[in-house]
Amino acid sequence: MVGHTFVLSETKTGEMALLRQDEGMEQWTSVDGSAQTLQRRNGSDALLPETPGQGNLNFPTYNLLDGLPTDPEPLLKRISDDAEENHGAGSESTTGPHHEAFVTIGDLLRNGGTPPDTTAALYRAAALIPGVDIVPDAVDAAGRHGVAVARTHDGERIEWIFDESTVRLLGERTVLVEDNAWGKAGTVVTSVALIDSGIVDEAGQTNY
C-alpha cells in the first residue's frame, strides 16, 4: 500500500499546521491468527500487538473473514451490531453507527486476503447503509482513476475507489466537502492505493 495522510500538529509558536505523513507499508497476517501480524514501513519490520483467537472486525484473520455471512443483510447486521455497541447511543463516539459500519466495511475490503464471496457481500451490504453515494470519477494515491462508493460525515467524504472495468478496489481517500481546520473544501486529507496482495508461506515473503 502507498499513500499519505495529513495530521494536525502544533508548531513551536503555538499555531496548528498540517504535516504530511507517509502511509506506505506492507503487511502480513496469518490465516488463523496463530502468529502476530508483521508490518513493514520504510524498510523496518514490527510485530503488531496480538489479537485473541480469530481476531475481530477491526483486526480480522482470513478465517474470521471466511466465516462471515455472504448474504448482505445478515452481514450488515453483524457489522452494524458491532458498530452500535461501540459507536451507538450512550457511547462517546462522534461518528455514529451508520458511518462506523461504512468505515468497517471499507477496512474489510482493503484486506487483500478477503475471500471473493465475502468481498461481493461487503459491496452489497455497503449499498444498504443510509447516506451512501457514488462519485463518478475519483483518483487514488497512485494516480489511477475509478468510480468511488462514498459516504459523508461531519464535512468529510470517505471514498472507496474501484476500477470501473474489473471492480477491483484500487484505494481509498478522504476529501473535505466544507472548509475546516484541515483545509478548504476539496482538499484530499488522506489518500492510499492498494498496489498488490497475495498469499505466501511466511511473513515477510513478497514473491507469490
Does [Y] offer a backbone N or O that forms a donor-acceptor pair with the side chain of [X] under 3.5 Å?
X      : Y      : result
Tyr62  : Pro115 : no
Asp140 : Ala193 : no
Gln36  : Leu48  : yes
Ser80  : Leu76  : yes
Thr118 : Thr114 : no
Thr174 : Val189 : no
Trp28  : Gln205 : yes

Checklist line | Ring geometry between Trp160 and Phe102 (parallel below 30°, tilted from 30 to 60°, perpendicular above 60°) | finding: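 Aromatic pair Phe102/Trp160 classed parallel.
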Report the distance from atom [atom1] of [X] to atom [atom2] of [Y], rounding to the nearest 0.5 Å.
X      : Y      : atom1 : atom2 : result
Thr187 : Glu156 : OG1   : CD    : 10.5 Å
Ile79  : Leu128 : CD1   : CG    : 10.5 Å
Leu109 : Arg168 : CG    : CZ    : 13.0 Å
Asp163 : Leu169 : CG    : CG    : 10.5 Å
Asp82  : Asn58  : CG    : CG    : 6.5 Å
Ile129 : Ile105 : CD1   : CD1   : 4.0 Å

Check: Does Arg40 come within less than 4.0 Å of Asp45, counting only side-chain N to carboxylate O?
Finding: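 Counted as a salt bridge, because a side-chain N and a carboxylate O are separated by less than 4.0 Å.
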Check: Does Lys77 pair with Asp81 as a salt bridge, N-O distance under 4.0 Å?
Finding: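 Salt bridge flag = yes for Asp81 with Lys77.
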[X] to [Y] - nearest heavy-atom pair and separation:
X      : Y      : value
Val147 : Pro136 : CG2-O, 3.6 Å
Pro60  : Thr29  : O-CG2, 4.0 Å
Ala141 : Ser191 : N-OG, 3.3 Å
Tyr123 : Val167 : OH-O, 3.3 Å

Next item on the list: Taking atom NE2 of His98 as the centre, report whether more than 12 heavy atoms of other residues, nucleotides or ligands fall under 6.0 Å from it.
Entry: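 No, the 6.0 Å shell around NE2 holds no more than 12 heavy atoms from other groups.
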Checklist line | With Asp22 via salt bridge (charged side-chain N to carboxylate O under 4.0 Å, His left out) - residues at least two apart | finding: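 By the salt bridge (charged side-chain N to carboxylate O under 4.0 Å, His left out) rule, Asp22 matches no residue at all.
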Item checked: With Glu159 via salt bridge (charged side-chain N to carboxylate O under 4.0 Å, His left out) - residues at least two apart ->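 Scan of Glu159 (salt bridge (charged side-chain N to carboxylate O under 4.0 Å, His left out), adjacent residues dropped) gives Arg157, Arg173.
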Next item on the list: Apply side chain to side chain contact (heavy atoms under 4.5 Å, CB included) to Arg151 and Ile158, showing your working.
Entry: CA-CA 6 Å; Arg151 193 176 193 278; Ile158 294 179; 5.8 Å; no
Margin query: If you apply the rule side chain to side chain contact (heavy atoms under 4.5 Å, CB included), what do you find for Leu108 with Leu57, and how did you get there?
Written below: CA-CA 8 Å; Leu108 295 174; Leu57 290 177; 4.3 Å; yes
Checklist line | Trace of the side chain to side chain contact (heavy atoms under 4.5 Å, CB included) decision for Arg110 with Val192 | finding: CA-CA 10 Å; Arg110 282 198 309 184; Val192 296; 3.7 Å; yes
Which atom pairs, one a donor and one an acceptor, fall under 3.5 Å between side chains of residues 67-75 and the rest of the protein, sequence neighbours left out?
residue, atom, partner, partner atom, Å
Asp71, OD1, Glu73, N, 3.1

Next item on the list: Give the cluster check for Leu194 versus Leu122: same hydrophobic cluster or not, with ILVMFWY residues linked at side-chain heavy-atom distances below 4.5 Å.
Entry: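 Both belong to a single hydrophobic cluster.
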Margin query: Quick check: is Val135 connected to Val177 through a chain of hydrophobic side chains (ILVMFWY, heavy atoms under 4.5 Å apart)?
Written below: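 No: no chain of side-chain contacts under 4.5 Å links Val177 to Val135.
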Next item on the list: Find out whether Thr37 and Leu47 are in side-chain contact, i.e. whether some heavy atom of one side chain is under 4.5 Å from a heavy atom of the other.
Entry: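 No, too far: nothing below the 4.5 Å cut-off.
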Next item on the list: Take Arg41 and Glu23 through the test side chain to side chain contact (heavy atoms under 4.5 Å, CB included) and record every step on the way to the result.
Entry: CA-CA 8 Å; Arg41 291 180 180 268; Glu23 287 294 320; 4.2 Å; yes
